[in-house]
Amino acid sequence: VVARDADIGIIMDPKSPAEGAHQLIAMMSDAAWRDGVAVRSAALARNDFDRDRLAGNLANVLQRAIADCG
């Protein structure tokens with residue numbers, strides 16, 4: 001879902017490889033989509049998967065859990 005929502009990939013139905021192949025061919029044939037994948041992927045990594053941000057989120061969750069237990 002992340003790949004589709006960020007417009008950097010597709011979700012293929014394992015029961016329909018032919019449809020998946022058609023989707024993949026369509027995306028790879030779209031030069032504008034291909035040209036933007038690197039930018040969109042970098043933005044996704046920076047915004048959603050930054051180590052420091054994720055560590056901070058985890059610390060907040062753990063602190064709330066500790067506070068709820070005490």
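Values below: all heavy atoms of this structure, side chains included; hydrogens, waters and symmetry mates excluded.
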| task | Sort and list the pairs that fulfil salt bridge (Lys or Arg N to Asp or Glu O under 4.0 Å) and have at least one residue in residues 49-68, not counting sequence neighbours. | result | none
| said: Counting C-beta onward and ignoring hydrogens, is there a side-chain heavy-atom pair between Ile10 and Met27 closer than 4.5 Å? | reply: yes
| Val61 with Leu54, same ILVMFWY side-chain cluster at under 4.5 Å | no
| task | Examine Leu58 and Phe49 and state if one hydrophobic cluster contains both, with Ile, Leu, Val, Met, Phe, Trp and Tyr joined whenever side-chain heavy atoms are less than 4.5 Å apart. | result | no
| request: Nearest 0.5 Å please: distance from the OG atom of Ser41 over to the CZ atom of Arg46. | output: 10.5 Å
| said: How close do Ser29 and Ile25 get, counting heavy atoms only, and between which atoms? | reply: OG-O, 2.7 Å
| request: Output yes when a side-chain donor or acceptor of Arg4 lies under 3.5 Å from a complementary backbone atom of Ile11, and no otherwise. | output: no
| note | Arg40 meets the salt bridge (charged side-chain N to carboxylate O under 4.0 Å, His left out) criterion, sequence neighbours left out, with Asp7
